[in-house]
Amino acid sequence: MAIQSSSGNSPKKETPRLVAAEASGVERDGGRDEGLRPKRLCDYVGQPELKQVLAIALEATRQRQEALDHVLLYGPPGLGKTTMALVLAEELGVRCRITSAPALERPRDIVGLLMNLQPRELLFIDEIHRLNRVAEELLYPAMEDFRLDLTVGAGAGARTRSLELPVFTLVGATTKAGSLSSPLRDRFGLIQRLEFYNCSDLEAIVVRAAGLLKVELMQEAAAEIARRCRGTPRIANRLLRRVRDFASVKGHGPVTAAVVEEALAMHRVDALGLDASDRRLLELLLGSYAGGPAGLDTLAAALGEDPDTLEGVVEPFLLQLGFLQRTPRGRVVTEAGRRHLEAA
């Protein structure tokens, strides 16, 4: 059965009435996915526990006609933290101002953002764990008392001036919740983790994206993409685009599972979602170190990669699959990892 984009199934292209996303000196992550982002909580696929918690908080907020409590979303990249912030803004009928912690280098950057907020608006700060100390100190009274404490002057003539701020909601996103200071973390009323998606949810995301991109996709092809996207919607959308490009250039009609396999094989993405970087690490451990153990710095030097890249980007998925182990003596390839490479 083919999943086609038709006038009855394709969502209408409409501009949200009150929602606007404003970048503050930062490039949007996944900017090409803007048209694929769900606008309402009911359209958001997956994360059932998170949606249940936020649905109750949203309904209570609307009943009391107040601003939503501050929200901290954490979890691996690509799981929909920015999308959820935009969904919250749409549900509340307010604007969402988007920035990231590295863009707030100077005190005046965050002061300008806070001073320009309107009542009940959302301020979304990505990678909030990277806020510098001065910006964090300014946020404490702003989050708790909706007050901005500024020091005017210097030396003996310095004085503190307090400015009232409109009631607003801060939505923070981070991939490293443990790196947040306790005073900042404790000021969030809702702290929720986003989990990796299961195959059925990812398949639904691929089907929805295919309709929006006008890709005629067979059901088994959607399932094949879902199996290879590492539990991450952002990767699912990326792989779908690569499959769409391949199918259009090669002149294929409806995209089948065979077309998906051929397209992703060209991009060196295997049946479990491992890419070239993953296999290089496993092959190096097996070929040069007899499966390990080998230290992180040694592996990084041999692969020509940064140790932080290996530890934060390559290793997590291999650990999740059980193909790699971290031991006190170094990294070790498991028997499952060995069998997968041999089968490949």
Got a donor-acceptor contact below 3.5 angstrom from the Asp109 side chain to the Arg106 backbone? yes

Aromatic centroids of Tyr74 and His129 separated by under 6.0 Å: no

List the atom pairs, with distances to 0.1 Å, where a side-chain N or O of residues 311-330 and a protein N or O form a donor-acceptor pair under 3.5 Å, not counting sequence neighbours.
residue: Glu315; atom: OE1; partner: Arg326; partner atom: NE; Å: 2.9
residue: Glu315; atom: OE1; partner: Arg326; partner atom: NH2; Å: 2.8
residue: Glu315; atom: OE1; partner: Arg331; partner atom: NE; Å: 3.4
residue: Glu315; atom: OE1; partner: Arg331; partner atom: NH2; Å: 3.1
residue: Glu315; atom: OE2; partner: Arg331; partner atom: NE; Å: 2.8
residue: Arg326; atom: NH2; partner: Glu311; partner atom: O; Å: 3.2
residue: Thr327; atom: OG1; partner: Arg329; partner atom: N; Å: 3.4
residue: Thr327; atom: OG1; partner: Gly330; partner atom: N; Å: 3.2
residue: Thr327; atom: OG1; partner: Gly330; partner atom: O; Å: 2.6

Heavy-atom pair of closest approach, residues Gly46 and Asp201: CA-OD2, 3.4 Å

Smallest heavy-atom separation, Val171 atom then Ala85 atom, equals CG1-CB, 4.0 Å

Does this structure show an ion pair linking Glu136 with Arg133, if we count only N-O contacts that are shorter than 4.0 Å? no

Decide yes or no on side-chain hydrogen bond (donor to acceptor under 3.5 Å, both in side chains) for Gln192 and Gln47, but give the supporting numbers first. CA-CA 10 Å; Gln192 296 291 315; Gln47 310 293 342; over 6 Å; no

Relative to Tyr140, does Arg187 satisfy both conditions: NZ or CZ under 6.0 angstrom from the six-membered ring centre, and within 45 degrees of the ring's axis? yes

Please check if the number of heavy atoms outside Arg130 that lie under 6.0 Å from its CZ is greater than 12. no

Just wondering, are more than 12 heavy atoms of other shown residues or ligands nearer than 6.0 Å to CD in Glu49? no

Looking at Glu164 and Arg147, is there a salt bridge between them, counting it only when a charged N and a carboxylate O are closer than 4.0 Å? no

Taking NZ, NE, NH1 and NH2 as the nitrogens, is one of them in Arg228 or Asp270 under 4.0 Å from a carboxylate oxygen of the other? no

